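Note sheet for the following structure.
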Amino acid sequence: MKKMLAAVFHKDEKSGGEIKLEEVDIPQIKKRDHVLIEVKASSICGTDLKILKGGHPATDNTILGHEFVGVVKEIGENIIDLKIGDKVVVDPNEKCGYCINCRRGLSNLCEYMALGTTFGIFQNGGFAKYCVLPRNVLFKLPDSIDMIAASLIEPLSCAVHCHNIADVKESDNVVIIGAGPMGLIIESVIRKHPIKKLICIEIDQWRGQKALELGADHWINPKTQDVKQEIQNITNGEGADVIIDAVGIANTFEMATTIWAPGARLVCFGQDSRAEAIIKPNDIVRYQRKIMGSYIGYAEDFLDAIELIVNKVIDVDKLITTTIPLEKLISTGFNLMKEKKCIKIITIP
Ligand SMILES: [Zn+2]
Ligand SMILES: [Zn+2]
């Protein structure tokens, strides 16, 4: 059987595990609705690091990489709308379509997905030369699209979803807490819409600078500045109408409740299952505020994210800080991620 290079996760119950570059068999189509794709670009996600540290579950012996694009190499006999050579992007979260959440239009909360089925986490993904996937997780891309830019479509779809949940208006002062890769991608989406002020809160110097480069009007560093006072000054005492918490720890959630304007929407985006925060219910009632969650996205968010890339609306060159061959995934890619001196790193198999 022919072999390919792949980044395989090896689980360790104590430490989380490690990722190793190995020669593995090229996967084969086994079902009629399967498609074999040749991966063209695969982006490293913060979740990949979390998996290795034991902060996110993943299946032992799985090829990681859940943000990826490729071209169709082979199709199962039931495939009628894809042909060899078509460019595709993968939605790594396969939805069943018939659970109660899917049928209520909340496909991002699909019960099948919650069993742990994500490609690149629980099933083989995109840190490899080839991948076999069911047709229903593939979105066809236009031939003209740049495939490195297209590898941002998955995280971008989550940012589009978050922007839609936040229901941002022209007269809103928007605050994003956290300028990690997702905070900055969300910022990139929000910046393309007319709003009053876009403010980023971030403790890291490098990331704070990136937030400004990507179009934030202000960067507040909570290490050295009084966040509440700074927001008061910048917004002429109005406060934040929309707050995106792209971190998701107790500190950032509670920080959000010190800067929110009457009628504000607080969108919880960053995830930490251990976080427990304190809130005064009356602060919500008396000022009619909303607290909302934004979790991955719907198929329509993928469609919108594709258009944002096709039409070059998003400043991809600023978001993609490094492109490396798959061979350097561990030596260069994961090391840069640990040092936090990067936004998105793209690997090419
Ligand atoms: Zn991801
Ligand atoms: Zn479902």
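Counting starts at 1 for both ligands and their atoms, following the listed order. Computed from a prediction, not measured in an experiment: that's the story for all the values here.
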Enumerate donor-acceptor pairs with a distance under 3.5 Å from any side-chain N or O in residues 334-349 to protein atoms, sequence neighbours excluded.
residue : atom : partner : partner atom : Å
N335    : ND2  : S331    : O            : 2.8
K344    : NZ   : I44     : O            : 3.0
K344    : NZ   : E67     : OE1          : 2.9
T347    : OG1  : S42     : O            : 2.9

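Between Y298 and H161, the ring centre distance stays below 6.0 Å.
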Verdict with reasoning, E77 to H34, per side chain to side chain donor-acceptor pair (under 3.5 Å): CA-CA 8 Å; E77 53 189 294; H34 273 174; over 6 Å; no
CA sep, side-chain torsions, deciding dist, call: V174, D241, side-chain contact (heavy atoms from CB on, under 4.5 Å): CA-CA 6 Å; V174 180; D241 303 296; over 6 Å; no
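For D172 and R265, the salt-bridge test passes: some basic side-chain N is under 4.0 Å from an acidic carboxylate O. The existence of a salt bridge linking E13 and K11 is excluded, since no basic side-chain nitrogen approaches an acidic carboxylate oxygen closer than 4.0 Å.
Protein nitrogen, oxygen and sulfur atoms, that is N, O or S, within less than 2.8 Å of the Zn ion (ligand 1) amount to 3.
Checked options D91, D81, L82; the residue passing with L138 is L82 (criterion: side-chain contact (heavy atoms from CB on, under 4.5 Å)).
Of all protein N/O/S atoms, those under 2.8 Å from the Zn ion (ligand 2) are C96 SG, C99 SG, C102 SG, C110 SG, and waters are not counted.
Side-chain contact between V88 and V69: absent, with no pair of heavy atoms (C-beta onward) separated by less than 4.5 Å.
Partners of D25 according to the side chain to side chain donor-acceptor pair (under 3.5 Å) rule, which considers only residues two or more places apart in sequence or in another chain, are K3.
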